Amino acid sequence: MRFNFIPIDFDYFDFEGENYVQLVGRNEEGEKICVIDSYESNFWVILKENADAEGIAAKIVKAKIIKPSRTTVVLKTEIYDKKFLGKDVKAIKIFITNHKDAHDIASEIGDIDEIWKRREYDIPIITKYIKEKKVQPLMWHDVEARELTDEDFNGINKKINLDKCYIAESIFLTEKELEFTPKILAYDIETSEREIGKGEISMVSLFGDNIRKVLTWKECESAGNYVEFFEDEKTMLKEFSKQVREANADILTGYFSDGFDLPYIKSRCDKYKMKLDLGTNGKNPSFNKGRIPSGKISGTVHVDLYRFINSVFSQYLQSETLSLDEVAKELIGETKEEFDFSKLSNMSDSDWGKFMSYNLQDSKVTHKLALKIWTDIFEFCKIIKEPLFDITRDSMATHVENHILHNLDRFNEVAEKRPGYSELQERKMKGKFGGALVREPKPGFYENIVMFDFTSMHASIIVSFNISRATLHEEESEDVYESPEFDLDNIPTKVYFDKKQGFFATLLSEVVDKRKKFKKEYAANKNAMTKARSNAYKLLANATFGYQGFFGARYYSREAAAATLAFVRKFTTDTIATIEDAGFEIVYSDTDSIAFLQNEKSVDDIMKFLKELNDKLPGIMELDLEDFYKRGLFVAKRSATKGGAREGAKKKYALMDSKDKIKIRGFETVRRDWCKLTRRLQSEMLEKILREGNEKAALILAKDVISKLKKREIDKNDLLIKTQLRRPLNEYTSQGPHVIAAKKIGETGIPIQVGMVIEYYIGEAKGKLVRDKVMLPNENVKYDINYYLNSQILPAIENIFDVFGVDIQGIVDGETQKTLF
DNA sequence: GGAGTTCGCATACC
DNA sequence: ACAGGTATGCGAACTCC
């Protein structure tokens, strides 16, 4: 029979030693179905020049791996003309019975002398399947298939908990435009202890299209009507599994659920020796290891929203932390409910009622958040062509790499391998290479600043000069682009790249083009889809430069990355020189942006000048107008002095644009590790200065805050300092205040985890060091006035007043004198 | 043991 | 291990006499 099908979940199984891919998705009627497809595992050997391909193939066919569970053999070989890193090669495609043994078979044939390289045995089977069969996640396909019988695959039909299972005869992308909206179910648990393995689960909430409920085994008179009660934790968890299965969702989502909710539930089920049966295969979820384990459920894609937001989406966000509360506030304008967790050890009936409501709200917020960023996840899936499960967990480097892998066939390319252990060590040993330039600003208050910037500078350079590992040459010739000279390990170096475009630059140029196209489309027709598409291509383009310098990359090239940066320096430096030659004074420049004074020149003059600059740029490089800024403030560095004079601070400025919008970079205002009092005062001061054009109003603000601080009128919440723990406590060599604060928190019984944001304030206490005065928010100790004055407020405002010749320290000292007398 | 310097660390910019 | 380099500035840790 023939039907339309959209694959959502990808998995595979072995039958009689061979691999089959199992797709779960929806048909056009909206039914969740399973389609099994065969896959012939294969990998490549690339031959040395003039090798006897037939002879080698004859040897390869004999390779065999015998294991207790299975025997893997070579089924057949095929000889092809292929490309490897852009060069023509003779290659043999080796088909084997089981992909799990691809690596072992590759090792076994490793001693055949005429084999140059073995490749693609290290690509996961699902990626290989998608790449070769062109079956794309979350795209509609036209499927020719027959229904599974109970005889097929030893009766797998009965083991799959779905009404309709098929075995595919053919699967092709369909031209038909069909809609797809996933069924999303969100869940969240509440527990008595935060640590997995300790404590119990008191309740679990579910929120979806037709479901909003809390399951619990705690008694509660004041609970809302959405609560269902069970006799114990075990029964509750059993019912949770049942309801998840019956909800028949495409996606089960939580927030940090890979790291908390799912493993916690699993650990409780283990304790009761009970299966956690959430999916279609009647088995426990699988947790593949990694830094954070990933919980995979068969037939329903488990999505931990936090992970996608952390690796991909966070760049769009302003939130200082990626807590559900903050992210939800920013993206959907909804917050979590408040709940006082210190009550957990002693809960009244109404506390339980509130806790249940809190629990439900978490799932509701998670569900809304999932709907909100679904478009972005969906677009990423379609562009990268990896399954939803992986798209929501992979790093940007992996996304860039997968995007390349899934497009290599267009170039007849055999994929490069992942670096092995020793190669990784070698790459890591290599030092850094020179980066971009940042120009030192002259501290001051400026009017009418023009800012130019290069659009996607690194990407446009890579495309314009065809920069990649495969197109790199050490020597000059007629057919190459020449890099500017740059230092590599203290050696002046020049490298060259083929003029004939390679696959890396071709793919990146397509990404850049699509970004431009969808940016325009978004401008003309603002909706979530056009925005998500434009953003996804932008992220992909921006991450591509970093990919070439990333030591874990298949297409790593330190020379390519270093050369890209040499071009970046050259074009920015040259452009600055041209702007200066035209008589403008440069105010500032960082990497790909240049700010200069407009002076008496008109907007038209500037735009004409910009066009002239653009006419001289090569390839797809482009200089853009960032904005005309009405006013701008640049300050001096606090510490270092150069020959007595104060140095201008880089990466620290405040601007007001043509629409009177304020843009603050680098100042304490935007740093989360400074207390609110300081940040608020500084941002209000900058705002006054930029809007009113002088420092007088700012001085009034500062004096007021200092006076309140001295009179102890400041709320303790405004004095809390937040610092993230970036490593386990025992790995710190330096015992800074936040480390001490974390240890104090640990003593209260709360488990300390990497990534936690530690909050503390500085109070009056004996001791010389700041860490001796670290207090937790709930401690009842007076705040240290001197600390907040001398180490928070003054450092943050001094350099601003310096620009206007106001000696704030002197004024503060003067006021102190006055109050003394 | 105090002053000056370096180092470790977190966070920001692009 | 899970994109790169450049930069500020705190507070602890170290060096020196």
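A quick note: this is a predicted structure, and the numbers were derived from the prediction, not measured. The sequence lines fix the lettering, A, B, ..., with proteins before strands; numbering per chain opens at 1.
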Review point. Would Arg393(A) count as a cation-pi partner of Phe389(A), with NZ or CZ less than 6.0 Å from the six-membered ring centre and within 45° of the ring normal?
Key: yes

What is the distance, rounded to the nearest whole Å, between atom [atom1] of [X] and atom [atom2] of [N]?
X: Ile404(A); N: dA3(C); atom1: CD1; atom2: C1'; value: 12 Å
X: Arg307(A); N: dC2(C); atom1: CZ; atom2: P; value: 13 Å
X: Arg771(A); N: dA12(C); atom1: CZ; atom2: P; value: 6 Å
X: Asn402(A); N: dC2(C); atom1: CG; atom2: P; value: 17 Å
X: Leu794(A); N: dC10(C); atom1: CG; atom2: C1'; value: 15 Å
X: Lys428(A); N: dA3(C); atom1: NZ; atom2: P; value: 13 Å
X: Glu798(A); N: dT8(C); atom1: CD; atom2: P; value: 17 Å
X: Phe634(A); N: dA7(C); atom1: CZ; atom2: C1'; value: 15 Å

Revision key, fill the gap. Expected string for nucleotides 7-14 of chain B under the B/S/- scheme (protein heavy atoms, under 4.0 Å, primed atoms plus P, OP1, OP2 as sugar-phosphate) is -SSBBSBS

Check your understanding: Could you give the distance from OH (Tyr588(A)) to CG (Leu655(A)), rounded to the nearest 0.5 Å?
Key -> 10.0 Å

Looking across every strand, which nucleic acid part, if any, lies under 4.0 Å from [X] by heavy atom: base, sugar-phosphate, or nothing?
X: Leu424(A); value: nothing
X: Lys432(A); value: base
X: Phe454(A); value: nothing
X: Ala561(A); value: nothing

**Study point:** Arg671(A)/Glu320(A) salt bridge by N-O under 4.0 Å criterion
**Key:** no

Check your understanding: What orientation do Tyr783(A) and Tyr788(A) show, parallel under 30°, tilted 30 to 60°, or perpendicular over 60°?
Key -> perpendicular

Exercise for review: Taking atom types as modelled, find out whether Arg307(A) and Ser294(A) have a side-chain donor-acceptor pair closer than 3.5 angstrom.
Suggested key: yes

Check your understanding: Residues from residues 534-551 of chain A sitting under 4.0 Å of DNA chain B, heavy atoms only?
Key -> none

Check your understanding: Want to settle it: does Gly434(A) or Ala636(A) sit nearer the 5' end of DNA chain C, counting the closest nucleotide to each?
Key -> Gly434(A)

Study note, to complete from the structure: Walking DNA chain C from its 5' end, the first of Gly648(A) and Gly552(A) to be reached, judged by nearest nucleotide, is Gly552(A)

Exercise for review: Please indicate whether Asn490(A) has more than 12 foreign heavy atoms, meaning atoms of other residues, nucleotides or ligands, lying under 6.0 Å from its CG.
Suggested key: no

Review point. Is it the case that more than 12 heavy atoms not belonging to Lys519(A) sit under 6.0 Å from its NZ atom?
Key: no

Check your understanding: When you measure from the side chain of Pro737(A), which nucleotide among dG11(C), dC2(C), dC10(C) comes out closest?
Key -> dG11(C)

Revision key, fill the gap. Taking dA7(C), dG5(C), dC10(C) as options, the one with an atom nearest any side-chain atom of Phe433(A) is dG5(C)

Check your understanding: So, the side chain of Asn614(A) versus the backbone of Leu623(A): is there a donor-acceptor pair under 3.5 Å, distance only?
Key -> yes

Check your understanding: Taking the six-membered ring for Trp, is the centroid-to-centroid distance between Tyr653(A) and Tyr446(A) below 6.0 Å?
Key -> no

Please list, one pair per line, the donor and acceptor atoms closer than 3.5 Å that link side chains of residues 752-763 of chain A to other protein atoms, with sequence neighbours excluded.
residue   : atom : partner   : partner atom : Å
Tyr761(A) : OH   : Glu779(A) : O            : 3.1
Tyr761(A) : OH   : Val781(A) : N            : 3.1
Tyr761(A) : OH   : Val781(A) : O            : 2.6

